[in-house]
Amino acid sequence: MPELPEVEVTRRGIAPHLEGRQLRGAVVREGRLRWPVPADLDARVRGLTVSSVTRRGKYLVLDLARGGRPAAALLIHLGMSGSLRVVPRETPLHRHDHLDLLLADGGVLRLRDPRRFGAVLWTEEEPAAHPRLADLGPEPLGPELTGDYLYARSRGRTATVKAFLMDASVVVGVGNIYASEALFRAGIHPGRAAGRIGRERYRRLAEAVRAVLEAAIAAGGTTLRDFTDSAGAPGYFRQQLAVYGHEGAPCPGCGHPLRRSVIAQRSSFYCGRCQT
DNA sequence: ACTGGATCCTGACTGC
DNA sequence: TGCAGTCAGGATCCAG
């Protein structure tokens, strides 16, 4: 489900409920996520304080401290269908509510993930050094994502520019929806070989990625099916999607019917006339 | 080093 | 109404 905007919207929603709060424990109802959730998570988190809630790519990072000193961190990935909400303790359980973090003030951070492609990882090392984070590319909203960077990284690559853009070791956070949207804004055909696109077009693409992600965050993310923010509200960027899911509709730029085809093993939407 | 394909899982939807 | 088939916002692992 969630790409960078949805994870960032989630982060902003849960952070005020978590930062500076102590954890009373955890309840793991279904630990079989992408990787097993530690069975003794309850004992591990008890008494720790959440010092910060940050994001790296599509991972949320909960830094945990004991007595003001960093003690551990939880890495949370929402996979395809995950969502996090802060709810009162007595909130009835849904079938796929796999894990609760119990806050000392009585609230609960509740993870729901029907498909169980998400992850909850415990680490006592520096989070950035964790194997899941160590090899990630730059943040798309930071200064490192430039056209020159994309141009340099793409030299010699024969895979499609869409696959290149969705490669987290190149740049994090861009999934199937926003790849289609950014390529449309940049006027680049998703099936073009990444290594055969020039510097000037990569400059446009870097700006398009930044612009579409920022706009999506501002709209609260994209809800296709089951994404909700931490208060249970859907995101409204779906209404601003130019091409994703709009096969056959007129291109917003030229009116030509939008096309769908499978590129990089995923549905891709584009205008065959505007995007070259 | 890079590439495409298979894989994990459940639920919603389509067509017969 | 039921059942089979398809598809879905991710990303890892593997063979070539």
Side-chain angles (χ1 to χ4, degrees), chain A residues 1-11 29-37 55-60 75-84 94-99 111-121 130-137 140 152-183 190-196 209 212-213 216-217 219-229 234-241 243-247 260-269:
Chain A
M1 134 190 125
E3 305 183 35
L4 184 148
E6 292 74 37
V7 178
E8 178 61 19
V9 166
T10 298
R11 188 195 71 76
R29 294 181 203 84
E30 175 55 86
R32 294 174 302 167
L33 304 185
R34 169 144 216 166
W35 294 282
V37 179
R55 180 189 56 72
R56 178 73 178 99
K58 297 174 188 169
Y59 284 88
L60 289 168
L75 310 183
I76 302 178
H77 196 293
L78 299 176
M80 288 279 259
S81 61
S83 60
L84 283 168
H94 179 281
R95 170 170 160 73
H96 297 294
D97 288 343
H98 302 315
L99 182 144
L111 173 69
R112 177 175 302 179
D113 185 6
R115 293 179 73 181
R116 290 194 276 120
F117 288 171
V120 176
L121 303 169
H130 190 278
R132 299 273 70 80
L133 303 187
D135 298 329
L136 293 178
R153 285 295 304 267
S154 61
R155 290 312 87 189
R157 293 183 69 146
T158 59
T160 62
V161 63
K162 188 190 178 212
F164 174 71
L165 195 54
M166 291 173 64
D167 181 344
S169 70
V170 172
V171 59
V172 295
V174 183
N176 200 41
I177 294 179
Y178 299 112
S180 276
E181 293 295 310
L183 288 164
R192 179 171 287 274
R196 302 193 52 200
V209 167
V212 75
L213 295 180
I217 292 169
T222 298
T223 297
L224 290 186
R225 172 168 299 162
D226 48 11
F227 171 73
T228 68
D229 69 15
Y236 296 102
F237 194 70
R238 185 176 188 174
Q239 300 164 28
Q240 295 178 54
L241 294 175
V243 293
Y244 186 88
H246 293 171
E247 179 183 15
R260 183 186 89 93
S261 66
V262 175
I263 300 170
Q265 284 86 249
R266 316 284 292 280
S267 281
S268 309
F269 299 87

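Computed from a prediction, not measured in an experiment: that's the story for all the values here.
- Separating the CZ atom of A:Arg266 from the C1' atom of C:dC7 is a distance of 11 Å, rounded to the nearest angstrom.
- At least one side-chain heavy atom of A:Leu60 sits less than 4.5 Å from a side-chain heavy atom of A:Val7.
- For the pair A:Leu121 CG and C:dA11 P, the computed distance is 13 Å after rounding to whole Å.
- If you take OH of A:Tyr244 and C1' of C:dA8, they are 7 Å apart, rounded to a whole angstrom.
- In this structure, the CZ atom of A:Phe269 is 8 Å from the P atom of C:dG9, given to the nearest Å.
- By the side-chain hydrogen bond (donor to acceptor under 3.5 Å, both in side chains) test, A:Arg115 pairs with no residue at all, sequence neighbours left out.
- In this structure, the side chain of A:Ser180 does not engage the main chain of A:Ser268 through any donor-acceptor pair within 3.5 Å.
- Phosphate proximity of C:dG10 to A:His77: absent, as no side-chain N or O sits under 4.0 Å from OP1 or OP2.
- Atom pair A:Leu78:CG and C:dG10:P shows a separation of 11 Å (rounding to whole Å applied).
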Write out a two-atom table: protein N or O, nucleotide N or O from nucleotides 1-5 of chain B, distance below 3.5 Å.
from, atom 1, to, atom 2, distance (Å)
B:dT3, OP1, A:Thr158, N, 2.7
B:dT3, OP1, A:Ala159, N, 2.8
B:dT3, OP2, A:Arg157, NE, 3.1
B:dT3, OP2, A:Arg157, NH2, 3.1
B:dG5, OP2, A:Gln265, OE1, 3.1

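- Here A:Phe117 lies parallel enough and close enough to stack on the base of C:dG10, with planes under 30° and ring centres under 5.5 Å apart.
- A:Tyr178 is listed as a side-chain neighbour of A:Pro5, based on a closest heavy-atom distance under 4.5 Å.
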| Given the rule in the side chain to side chain contact (heavy atoms under 4.5 Å, CB included) test, do A:Val209 and A:Val171 qualify, once you have shown the distances and angles that lead to the verdict? | CA-CA 10 Å; A:Val209 167; A:Val171 59; 5.6 Å; no
Restricting both atoms to N or O, compile the protein contacts to nucleotides 12-15 of chain C shorter than 3.5 Å, with distance only.
from, atom 1, to, atom 2, distance (Å)
C:dT12, O4', A:Arg34, NH2, 2.8

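- C:dC3 and B:dC9 have their P atoms separated by 23 Å, given to the nearest Å.
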| message | One character per nucleotide, please: for nucleotides 10-15 of chain B, 5' to 3', B when the base has a protein heavy atom closer than 4.0 Å, S when only the sugar-phosphate does, - otherwise. | response | BBS---
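- In this structure, the side chains of A:Arg116 and A:Glu30 come closer than 4.5 Å at one or more pairs of heavy atoms.
- The side-chain heavy atoms of A:Asp113 and A:Ser81, taken from C-beta on, include a pair separated by under 4.5 Å.
- Using a 4.5 Å heavy-atom cutoff, the side chains of A:Arg266 and A:Lys162 are in contact.
- Atom CG of A:Asp113 is separated from atom P of C:dA11 by 13 Å (rounded to the nearest Å).
- Taking atom CD1 on A:Ile177 and atom C1' on C:dG10, their separation rounds to 12 Å, with Å as the unit.
- Considering only residues two or more places apart in sequence or on other chains, A:Arg157 meets the salt bridge (charged side-chain N to carboxylate O under 4.0 Å, His left out) condition with A:Asp167.
- Residues A:Leu78 and A:Phe227 fail the side-chain proximity criterion, which asks for heavy atoms closer than 4.5 Å.
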| task | Please test A:Glu181 against A:Val243 for side chain to side chain contact (heavy atoms under 4.5 Å, CB included), starting from the C-alpha separation and ending with a verdict. | result | CA-CA 6 Å; A:Glu181 293 295 310; A:Val243 293; 3.3 Å; yes
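- A close approach under 4.0 Å does not occur between any side-chain nitrogen or oxygen of A:Ser267 and OP1 or OP2 of C:dC7.
- Residues A:Arg56 and A:Val172 share a closest heavy-atom pair of NH1-CG2, 3.7 Å.
- Following rounding to the nearest Å, A:Asp135 (CG) and C:dA11 (P) show an atom-to-atom distance of 14 Å.
- Residues A:Pro140 and A:Leu4 are in side-chain contact: their nearest non-hydrogen atoms beyond the backbone lie under 4.5 Å apart.
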| Dot-bracket line, read 5' to 3' along DNA chain C, where crossing pairs take [ ] and | marks a partner on another strand, Watson-Crick or G-U under 3.5 Å | .|||||||.|||||||
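- Residues A:Tyr59 and A:Leu133 have side chains in contact (heavy-atom distance under 4.5 Å, counting atoms from C-beta outward).
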